[in-house]
Every structure is written in structure tokens, then in C-alpha cells.
Amino acid sequence: MGTSGFSWKLPEHPKLPKGKTVAVVVLDGWGEAKPDQYNCIHVADTPTMDSLKQGAPEKWRLVRAHGKAVGLPTEDDMGNSEVGHNALGAGRIFAQGAKLVDLALASGKIYEEEGFKYIKECFENGTLHLIGLLSDGGVHSRLDQLQLLLKGASERGAKRIRVHILTDGRDVLDGSSIGFLEILENDLAKLREKGVDAQIASGGGRMYVTMDRYENDWDVVKRGWDAQVLGEAPYKFRNAVEAVKKLREELKVNDQYLPPFVIVDENGKPVGPIVDGDAVVTINFRADRMVMIAKALEYENFDKFDRVRFPKIHYAGMLQYDGELKLPSRYLVSPPEIERTSGEYLVHNGVRTFACSETVKFGHVTFFWNGNRSGYFNPELEEYVEIPSDSGITFNVQPKMKALEIAEKTRDAILGGKFDQVRVNLPNGDMVGHTGDIEATVVACKVADEAVKIILDAIEQVGGIYVVTADHGNAEDMVKRNKSGQPLLDKNGKLQILTSHTLEPVPIAIGGPGLAPGVRFRKDIPNGGLANVAATVMNLHGFEAPSDYEPTLIEVVDN
Ligand SMILES: O=C(O)[C@@H](CO)OP(=O)(O)O
Ligand SMILES: [Mn+2]
Ligand SMILES: [Mn+2]
């Protein structure tokens, strides 16, 4: 903050006591929607979550988890884990990466900053490589931003451009990658007419190539490295649209899981490996799935896989992805400055904190929660436990994931009495929801509900308090719908499965034997969102929130 007189010390709450164990449970991808057969949360047997909803109307409500409530550009932007957990942890709404990149591109500022100047140094003699997710999902990247960057870079001297695409099908409909590729190819053709040597150089599906997170599976990043940097892949094509069409048809794989491919010239040579003197930009604004590739591109010393060649390049991220590691060191747009998060405050006020999830969501309740920084604020007061996720599978084959293990570890942490706050993410609704497998998602929701019960039972035993909420919707709606809510069919009469998150609000429930009598949700914050949760949790620990935090959702009435 820099203002003199700043103190980490939080004022005492006038009515609520300190010293209660507070469990903060985040159900990933658990929104509230109309009950029908495509609402897996409704279909699944979820007695614990049902009882929270029905048991105490003044202790259950909905909060906004998408659009402007979480710092996204528009109300049409679905929520996601990064912005959701950022808001939950930081207690304020920050303009997020998507928005900041929009602004920097619209004003042209992006081209005046250090990051772009650094990249530009390679335009004279080298190639500009753009690597990232190709869709209009708006969760990790956006096609229109890529289009603007291509135009802007070429107008500023980039003569040779190679795009390395990652197909989506997770934030957008499966199969939509072909349409996005056609738009991109059209833009590249226009650039070629203007004398810029611009082409797609490689590709692959986001869940199989490059975009792993939290070091779950380095092979994913290696497959991308081989295609993008070395120009080596099991599949070679002359054209990317053809590549995606053929691979989808012949291998029966979806956009998320396309194998890596490279584009070759008429002699079979890859058109765009990354070599000394080139510039590279990873165009995703979202952090989690870019940290690993950023390490591979930036770190001189790197032992996660054999890079074979480590080209001397000028590399910049669209944003800086990790504020603690300062990774990457160069970036085109400054990330939101998410400082003074609730986790940092609470640790400064002696709140001993335990955080846990399995690998694929571990960083959500640590890294994202803490404003996109890795590591502890105070290792003496904090313990972060990661349960290893299964790797190399799609989670519809294992919809239980590690939910029960997470819950059991958390139960032990609660019963052990060493912590004041336990914070967990239960991934099932989201990770299985993304597979589009409705039956498996129903199982996923049931297991997540069982995990909640284990945690609430432990809270019951120690006289604690629980806060159960979610980061955004997913499992509550598995079909694409028209404006009036009817499921949409594709041209073959097949139901259009929705693998993505949704625009739905999410529930929040409070309770437990430690909750002071008279605590209830206020009625005067009807539009409350995820950013209101941090102040709420601080209150439950017996503190007032900092004055610039979004207001608490609770009040204490005398009864
Ligand atoms: O898997 C992911 O990267 C996103 C969807 O793109 O999901 P979440 O925001 O829930 O992590
Ligand atoms: Mn999520
Ligand atoms: Mn998700």
C-alpha cells in the first residue's frame, strides 16, 4: 500500500469471537441452475448440500461468480477458477487479465511497454512465435486478442510470424476449433498478401499438449516443446485445418486431447521451429497453465525434461504469470496487482492455516487464493498439502478423483487442532464436468457431496464453523441452450454437450456449532459476489475486514 501507518493488524470484530476453527470449502464448478436432467448436481444424490440449502434459509444464499463480479470484461464472460479464487482470497474485485489485455490492445499501450520492445528486437532477423489457446472462451486467452496482436506486431515490423495453436473444446464447444482455425488462417493469408511471412507452425489439444498445470504431468509440456521448439511431432500436415479435421476423424479424439502435430513445407520440413534469435510470446493471459511452459522457455537451468535444444530467444508472456517467482521476467501487460490478500492478513494476525487439494486444483487454494503467488507467507503458521492427482487420464473414468482423500486429510487437520482455518478445493464437479460425460459428472457430484460431509462432521466435533461455497458453475448445466433455456441440437440432431463453465451464481452456506447465535446473511447485499466472501471469513475468525474489502455477507443480530 505504501501509505504511512499501514498495519497488517486487523481490528477485532465487535461481536464475533476469535479462536474457532473455520473450514472454507470450495466446490469447484458447482453452480445453481434450474433442476432438469442435464443438471448433474440436481440429478446426483447430494444430501449434505441439499440439507445446507433447506436447513437454514438465512444461512444459505447465492453469490455471483461470473462477469464483472469477478473482474471479467463483460457479463457474458463465464466464471473460472483463476478469477473465482482470486476474488475469494483477495476480497476485492480486480480487473483481470482478460480485461487488462483488452485495454492495452485498444489503447495501443501494449506496444509502448518494455515487454513488446524486447520482443521487437528480434523482428529484424528473427521469427515471432505466438503460442497459446485458440478460442473465444475468454478463460485463458481470446482469439480476438491474438488477431489484434498479429496485426499490431506485423505493423510494427514483424516480418516472419509463426503461430503455435492449442485447440480448446473445454471453454467452448468441442469441434469449434476448426472454425477458429479458419478465422486465424484467413488473417494469416491477409498478412501474407501484405508481404508478411505468416503461418501456423504447430498444434495440439490443450489438455495433451503444453497446458498442464501445477506440475501434474511434465510430458504434456514436453510434447508441446518438441512440436513448437524442435519442430518434431508424430503427425505432420501441410495445413492446420486439415490436421485438426483428420486427427479428430481418424483418432476419434476431441479438441481438448488432439495429439501434437507440426506443419511442414513441400519438402516435409517443419515450417516453424523456434531457433536462436527468435522472439516468443505465450498469448494466454491466465496464469496456471502457462507457468510450466514459461519455466521451460525461460530457465537456463531446467531438469523437468530434456529440452534437447535451448534456443536463445527473447521470451515474453502476455502477462507475468507468477508474482513470487517473477515468471516470466518479461511480459506484454502487467498483471493485476492483487496484494494484501485475506490469507496474508490472517497469517499476520496469527491465524494458522491449512490448505489442501489434489494436484490439478492445488494451486487454486494456494497460488490463486494468494493473488497468483506461489509459496507461503509464513511457513511456521501455514501448511499446504497436495494430494497427487492421477495423471494421463480424463477424469470421467475416475470421477471420484481424490475427493475423499482431500476430505480425510482435512478432517485430520481439523481434529488435530493445529489450525484455525482449513481451506480446500473439491475438484470433481468441475474436472468431470469438463469431460462432457453426464453420467460420470453425476457420480462426481455425489462424491464431492460426501467429501463435504466428512469435513462438516469434523467441524461439528471440534465446535467449529464452516463456509461452503464454489468458484463458478459447471456441473449444474451440461448442455448448450437457446435463449429460452431449451437444449440445442447440432445439425445431426445430437445434443450439444456443454463442457465449459457457466454464467450461473454459486451457493454459499455458513454454519456449524461454533457459529455465534444471531449470525445470518444480510439482506442488503443482493448482488453479492465471490469477492464478498473474504470479509465474511475474516469475521468468522473474529476480525473486521480491511475497509477497502468488499463488504461482509453476514450480520449479527441480537436474539
Ligand atoms: O481447466 C481449466 O483450465 C479451466 C477451464 O479452462 O477450468 P478452471 O477454471 O475450473 O480451472
Ligand atoms: Mn474452477
Ligand atoms: Mn474448470
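One-based numbering, in listed order, for ligands and for the atoms of each. Residues take their numbers from the sequence shown, with the count starting at 1.
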* Asked: Does Met211 have a non-hydrogen atom less than 4.0 Å from ligand 1?
  -> no
* Proximity of His501 and His434 rings by center, below 6.0 Å -> yes
* To do: Pick whichever of Arg289, Glu82, His434, Arg286 has a heavy atom sitting closest to atom 1 (O) of ligand 1.
  => Arg289
* Structure fact -> A student checking ligand 1 against His501 at a 4.0 Å heavy-atom cut-off should list atoms 4 (C), 5 (C), 7 (O), 8 (P), 9 (O), 10 (O)
* Asked: Does an N or O from Asp430, backbone or side chain, lie closer than 3.5 Å to an N or O of ligand 1?
  -> yes
* To do: State whether His434 contributes an N/O/S atom found under 2.8 Å from the Mn ion (ligand 3).
  => yes
* Measure up the Tyr214 and Phe367 rings against each other and bin them: parallel (under 30°), tilted (30 to 60°), perpendicular (over 60°). => perpendicular
* To do: Could you check atom 10 (O) of ligand 1 against the protein and tell me its nearest heavy-atom contact, residue, atom and distance included?
  => Ser81 OG, 2.5 Å
* Is the closest heavy-atom distance from Met207 to ligand 1 below 4.0 Å? -> no
* Asked: Does Arg223 make a cation-pi contact with Tyr208 (under 6.0 Å, within 45 degrees of the axis)?
  -> yes
* Check Arg286 against Ser81 and note the closest heavy-atom contact, atom names and distance. => NH1-N, 3.7 Å
* Specify which N/O/S atom of Asp28 comes nearest to the Mn ion (ligand 2), by atom name. => OD1
* Asked: Between Asp36 and Lys34, does at least one N-O distance fall below 4.0 Å, as a salt bridge requires?
  -> no
* Quick check: does Asp288 get an N/O under 3.5 Å from an N/O on ligand 1? -> no
* Any N or O on Arg170 sitting closer than 3.5 Å to an N or O of ligand 1? -> yes
* Asked: Does Lys446 come within less than 4.0 Å of Glu450, counting only side-chain N to carboxylate O?
  -> yes
* Structure fact -> atom 5 (C) of ligand 1 has as its nearest protein heavy atom Asp171 OD1, 3.0 Å
* Structure fact -> Vertex the Mn ion (ligand 3), ends His501/NE2 and Asp430/OD1: angle to nearest 10° comes to 90°
* Should the pair Phe368 and His364 be assigned to parallel (<30°), tilted (30 to 60°) or perpendicular (>60°) ring geometry? -> tilted
* Tell me which N, O or S atom of Asp471 sits nearest to the Mn ion (ligand 2). => OD2
